[in-house]
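Read through the structure below, which is laid out as structure tokens, and then see the notes.
So that the names make sense, note that chain A is the first sequence line, chain B the second, and so on, each numbered from 1.
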Amino acid sequence: MQKFLQTRAVPVMVPMPADGPYSYAVPEGTAVEPGSIVRVPLGPRLVAGVVWDGEGGAVDPKKLRPIDHVFDCPVVPEEMRRFVDWVASYTLTPPGLVARMILRAPEAFDPEPWIEGLRKTANEPDRMTEARAKVLALADGGLTWTRSGLAHAAGVSSTVVEGLRAQGVLATEMIPPRPVVARPDPGFGKNLLSPDQRQAAAELCETVGNGGFAVTLIDGVTGSGKTEVYFEAVASAISAGKQVLILLPEIALTQAFLERFHDRFGARPAEWHSDLPPRMRERVWRQVAEGQVRVVAGARSALFLPFPELGLIVVDEEHDPAFKQEDRVFYNARDMVVVRARIGDFPVVLASATPSIETRVNADQGRYRRIVLPSRFANAALPDIRAIDLRRSAPARGSFLSPVLLEAIGSTIARGEQALLFLNRRGYAPLTLCRVCGHRFQCPSCSAWLVEHRFRGQLLCHHCGHHEARPEACPECGTFDHLVACGPGIERVAEETVALFPDARVIVLSSDMLGGVKRLRLELDAIAKGEADIVIGTQLVAKGHNFPNMTLVGVVDADLGLANGDPRAAERTFQLLSQVTGRAGRTGKKSIGLLQTFQPEHPVVRALVSGDAETFYQREIAERERGGLPPFGRLASIIVSAGTRGEAEEHARQLRRAAPQAADIAVLGPAEAPLALVAGRHRFRLLVHGERRSDMQGFLRAMLNAGPKPRRTVRVQVDVDPQSFL
DNA sequence: AGCACGCCGACT
DNA sequence: GTCGGCGTGCTC
């Protein structure tokens, strides 16, 4: 006891939702410093934690337990610890949960083991064979090889290599772990840039060269070569000895992107995303922490890697909703990037053909610098976009493709070019009903319509994943053969297309496709090689892939997504359809985009057809600031979720009553909230906005403190959307 | 977040 | 008579 009282106690952030770090005793002879990664006892188990800053909080000395182990690992940099504190405070998340995000590679805290290698000695083998000669010829270079590497390179079995080792011709020598990627060379494969690109790259490199915190938006139409431009900024950061992070929406993190990077820098960036195999994950984490990896291309969680020398972050497809995490810690990685850069005092590049409204406003108001790339690169021209008014040019009965679109598909494939049909709806039909009694198939746990997937023979809920076999008879009235599919899904469009163009080669791309990522990659390759005439796809065709021979993009339902209550409906639809139509015309051939719509006068449709995005943006910004919808930039939401709608609603009401400025709060019910019903949990979103952009945080805190404490299964979480932190 | 403890329904 | 459901509570 006496000894423990004298022992130093340090704060350790443990990976669980405590309000702050816990105190642990530092055993005699153990050295730790802020940022040290340690193993500590927590209740019945041992967990990894990070030694935090300041003095350990006062605890009952009887509770104080000693640190179990200090890992031989680089410390979590000070910038990173401040970042964790900031994110925790901003999102009202317990800091331990945020810290947990940087500790997601448990095996990486121990140094990577050295690998057993083989090296030629002066000894001669007893007898020379052809296989042995091949091995020795390679080993003569004086290099140390791995056993399998040497056998493979020599084209012999590893028993040959093993035999030579047994005779002492090859000796074992330990070699350090291999880097996950080679060092990128900023001067490797410089791209030829257009004058616009050169100008933009020069501006960007100047900002990067100056160092210091700055945010630059590169706003350029699809195909204008934004990537080449920000690659130049990446090159200057590498030359300046900095590490670089490129954030991409997970789906855009494709092979094609990695290859483009390779072509420019002679090496791939390290990848970081949820599908990374655990072993690779650990190696990347470790090598980033050691500063061996200089460039990471990753999904949003890459922001929590422990870079010691980070000097530039690029966020590509800045507007993409995939940068938002909506579970546990609620954050928008794009916004947290800006904070991370401010803490580290280095620049940020945001790139998008269709920036988010809040980023545009930040640029307009001078907080961000904006660089515009107005035209497509080289001979590629933007597709000519037209609306098809479905009231005038209606599809035939039971069909979803209008005569105008069918005609365009026909002539496109007759020219040997490719057509893309886009419909953002998986499955066969979004609603099934009984023609006799009117019964509609609904999800038992979240009351959304069940989507028929005819290919799988199932009805599925796209909210919670519930699925059931498609019945023959109506469960309500028992009548056979009177169930009718309402509306189109991608499978149904495919069925129609195959029937109308029986000789065309049709490929369907959707995220629920059998065969997963591997199959998807094969299909994309096939399309690139011209092995398809018509591609039918959901959202996933919008991103990253280049289809060089694609000269027609048909949007089956341009109105889809405009009618839900999401305050961002118009913005999101504009972004999605811009990207999809942007798939066409990458090679200079004349190309067109056709939008099937019932609302040709809708601002989104008009913006796409006229190519005048500016008017659309100004209108959207004005719309939000006029009220009705919460103005951007000061928007936060408190999400209340509970098992039943009643409970969530009641709690939301109470919180709203507790708030001092009730007029500033809008309560959106499940119908309007974008994520109203998730996994059977009913959610409510209170959108909160204030007149001053100062201290949104304090307001939320006050509201939560004044409000009732959540009881039973009611949970309250806070999601702060666009930034008020600049 | 995990994990243990604890109190009520269907099974070797 | 036990196995096991998840509600509640705690972790320096």
Side-chain angles (χ1 to χ4, degrees), chain A residues 1-28 30-71 76 81 84-85 87-89 91-109 274 278 281 285 300-301 304 325-331 445 464 639-644 646-648 651 678-683 708-719:
Chain A
M1 180 59 64
Q2 196 62 24
K3 190 179 162 197
F4 256 43
L5 286 174
Q6 287 169 2
T7 318
R8 201 158 57 97
V10 291
V12 175
M13 201 66 92
V14 285
M16 60 120 198
D19 286 336
Y22 280 178
S23 293
Y24 283 87
V26 184
E28 207 72 43
T30 305
V32 293
E33 58 178 309
S36 296
I37 300 184
V38 292
R39 189 166 60 216
V40 290
L42 184 68
R45 63 212 162 102
L46 289 167
V47 298
V50 183
V51 177
W52 222 245
D53 306 79
E55 292 300 308
V59 223
D60 181 354
K62 284 197 288 290
K63 280 184 152 185
L64 201 63
R65 297 168 80 184
I67 288 172
D68 177 71
H69 176 68
V70 183
F71 288 101
V76 173
R81 303 196 302 273
V84 167
D85 283 335
V87 173
S89 134
T91 60
L92 300 189
T93 309
L97 281 191
V98 182
R100 201 174 76 111
M101 296 196 290
I102 56 177
L103 299 172
R104 282 258 172 90
E107 302 302 313
F109 309 149
S274 57
R281 204 178 175 75
W285 193 96
R300 59 173 188 251
S301 61
F304 292 90
Q325 173 150 80
E326 301 230 31
D327 60 70
R328 295 182 182 92
V329 184
F330 284 53
Y331 68 97
S445 45
C464 67
I639 294 162
V640 181
S641 66
T644 71
E647 282 166 346
H651 198 79
V678 177
R681 282 222 116 88
H682 293 251
R683 285 176 161 222
K709 292 285 160 278
R711 294 187 316 271
R712 277 172 309 173
T713 56
V714 178
R715 295 164 65 91
V716 178
Q717 279 176 304
V718 178
D719 164 30

Would you kindly give the CZ-to-P distance between A/Arg65 and C/dC10, to the nearest whole Å? 16 Å
Excluding sequence neighbours, so at least two apart, what forms ring pair (Phe, Tyr, Trp, His ring centres under 6.0 Å) with A/Trp52? none
Between P of C/dC12 and CH2 of A/Trp52, the distance in whole Å: 19 Å
Whole-Å gap separating C1' (C/dT11) and CG (A/Asp19): 13 Å
Mind checking what makes side-chain contact (heavy atoms from CB on, under 4.5 Å) contact with A/Ala108, not counting sequence neighbours? A/Ala105, A/Glu282, A/Trp285, A/Arg286
With A/Tyr22, which residues qualify under ring pair (Phe, Tyr, Trp, His ring centres under 6.0 Å), at least two apart? none
Separation of C/dC10 C1' from A/Met16 CE (nearest whole Å): 8 Å
Using whole Å, report how far CG of A/Leu97 lies from C1' of C/dT11. 14 Å
Looking at residues 37-45 of chain A, who's got a heavy atom less than 4.0 Å off DNA chain C? A/Pro41, A/Leu42, A/Gly43
For A/Arg65 and A/Tyr24, the nearest pair of non-hydrogen atoms, with its separation, is O-CD2, 3.2 Å
Run the side-chain donor-acceptor check on residues 39-50 of chain A: report pairs under 3.5 Å with partners two or more places apart or on a different chain.
residue	atom	partner	partner atom	Å
A/Arg39	NE	A/Asp68	OD2	2.8
A/Arg39	NH2	A/Asp68	OD2	3.1

Rounded to whole Å, please give me the gap between CZ in A/Arg100 and P in B/dG2. 5 Å
Take atom CG of A/Asp60 and atom C1' of C/dC10, then tell me their distance rounded to the nearest Å. 15 Å
With sequence neighbours excluded, residues passing salt bridge (Lys or Arg N to Asp or Glu O under 4.0 Å) with A/Arg100: none
Length of the line joining A/Leu46:CG and B/dC3:P, which is rounded to integer Å: 11 Å
